[in-house]
Participant: 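Mind looking over this structure? Questions follow.
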Amino acid sequence: VAHCLEKLEQHDQAKSYLNELLALNAPEEFKQVAKNEITRLELQMQVNENDGKRIKFSQLQKAFADINENTKKSEQAAKA
């Protein structure tokens, strides 16, 4: 659903939908995937705001750090 909303350029709705998924009683791994997708979507929104020309390196670093943190949490949850 979020992917379809993104394709329709309804990024805020896509992000809202993903945030709703985080509130569900779902496995932690599912929530981490949703968080990673929110991070990716936020990054894409920033690129779109700059006419697809550029993004700040600090924004890219933050996105990678967020995804890395989410992946570590997911792996820890899987081991538990």
Side-chain angles (χ1 to χ4, degrees):
V1 173
H3 181 71
C4 291
L5 289 168
E6 182 183 3
K7 289 292 184 185
L8 294 170
E9 298 183 11
Q10 296 179 5
H11 299 101
D12 289 331
Q13 286 182 308
K15 187 176 170 185
S16 176
Y17 178 78
L18 290 166
N19 278 312
E20 287 177 22
L21 292 177
L22 294 177
L24 297 177
N25 186 17
E28 190 61 33
E29 294 87 357
F30 179 84
K31 291 180 180 183
Q32 296 306 326
V33 170
K35 288 177 186 177
N36 286 347
E37 187 61 15
I38 290 169
T39 300
R40 188 203 60 77
L41 184 58
E42 288 172 344
L43 193 60
Q44 184 62 53
M45 290 168 69
Q46 292 169 359
V47 169
N48 291 350
E49 289 174 5
N50 292 315
D51 297 323
K53 295 180 182 173
R54 64 181 174 187
I55 185 168
K56 292 181 181 178
F57 185 68
S58 61
Q59 293 169 318
L60 187 59
Q61 282 182 311
K62 183 183 179 320
F64 285 142
D66 290 348
I67 290 171
N68 187 41
E69 181 181 333
N70 290 339
T71 301
K72 285 181 182 178
K73 287 180 181 177
S74 179
E75 289 172 351
Q76 290 172 350
K79 290 179 183 177

Participant: Which atoms form the tightest heavy-atom contact between Ala2 and Ala14, and what is the distance?
Facilitator: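 Smallest interatomic distance, heavy atoms only, reads O-CB, 3.5 Å.
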Participant: Using the rule that two of Ile, Leu, Val, Met, Phe, Trp, Tyr join whenever any of their side-chain heavy atoms come within less than 4.5 Å, decide whether Ile67 and Met45 are in one cluster.
Facilitator: no
Participant: Do Glu69 and Lys72 pass the salt bridge (Lys or Arg N to Asp or Glu O under 4.0 Å) test, and can you show the C-alpha distance, the side-chain angles, and the key distance before you say yes or no?
Facilitator: CA-CA 5 Å; Glu69 181 181 333; Lys72 285 181 182 178; over 6 Å; no
Participant: Which distance, rounded to the nearest 0.5 Å, do you find between the CD of Gln13 and the CD of Glu20?
Facilitator: 10.0 Å
Participant: Less than 3.5 Å apart, which donor and acceptor atoms pair up between the side chains of residues 22-33 and the rest of the protein, not counting sequence neighbours?
Facilitator:
unit_1: Glu28; atom_1: OE2; unit_2: Gln32; atom_2: NE2; d: 2.5
unit_1: Lys31; atom_1: NZ; unit_2: Leu24; atom_2: O; d: 3.3

Participant: Return the set of residues passing side chain to side chain donor-acceptor pair (under 3.5 Å) with Gln44 (not counting sequence neighbours), or none when no residue passes.
Facilitator: Asn48
Participant: Show, in sequence, the C-alpha distance, side-chain angles and deciding distance for Asp66 and Lys35, and conclude whether the side-chain contact (heavy atoms from CB on, under 4.5 Å) test is met.
Facilitator: CA-CA 9 Å; Asp66 290 348; Lys35 288 177 186 177; over 6 Å; no
Participant: If you measure from the Lys or Arg side-chain nitrogens to the Asp or Glu carboxylate oxygens, is any gap between Lys62 and Glu42 under 4.0 Å?
Facilitator: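 Between Glu42 and Lys62 there is no salt bridge, as every charged N stays at least 4.0 Å from the carboxylate O atoms.
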Participant: For side-chain contact (heavy atoms from CB on, under 4.5 Å), just list the numbers for Leu5 and Lys15, CA-CA rounded to whole Å, side-chain angles, deciding distance to a tenth of an Å, and then say yes or no.
Facilitator: CA-CA 9 Å; Leu5 289 168; Lys15 187 176 170 185; over 6 Å; no
Participant: May I ask you to check whether over 12 heavy atoms, not counting those of Glu9, lie within 6.0 Å of atom CD?
Facilitator: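 Incorrect, the count does not exceed 12.
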Participant: Could you give the distance from CD1 (Ile38) to CG (Leu18), rounded to the nearest 0.5 Å?
Facilitator: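 Output value for this atom pair is 5.0 Å.
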Participant: For side-chain contact (heavy atoms from CB on, under 4.5 Å), just list the numbers for Glu6 and Arg40, CA-CA rounded to whole Å, side-chain angles, deciding distance to a tenth of an Å, and then say yes or no.
Facilitator: CA-CA 11 Å; Glu6 182 183 3; Arg40 188 203 60 77; 2.5 Å; yes
Participant: Keeping the roles fixed (side chain from Ser16, backbone from Asp12), state whether a donor-acceptor pair exists under 3.5 Å.
Facilitator: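 Judged by distance alone, no pair lies under 3.5 Å.
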Participant: How many angstroms lie between atom CG of Leu60 and atom CD of Gln46, to the nearest 0.5 angstrom?
Facilitator: 10.0 Å
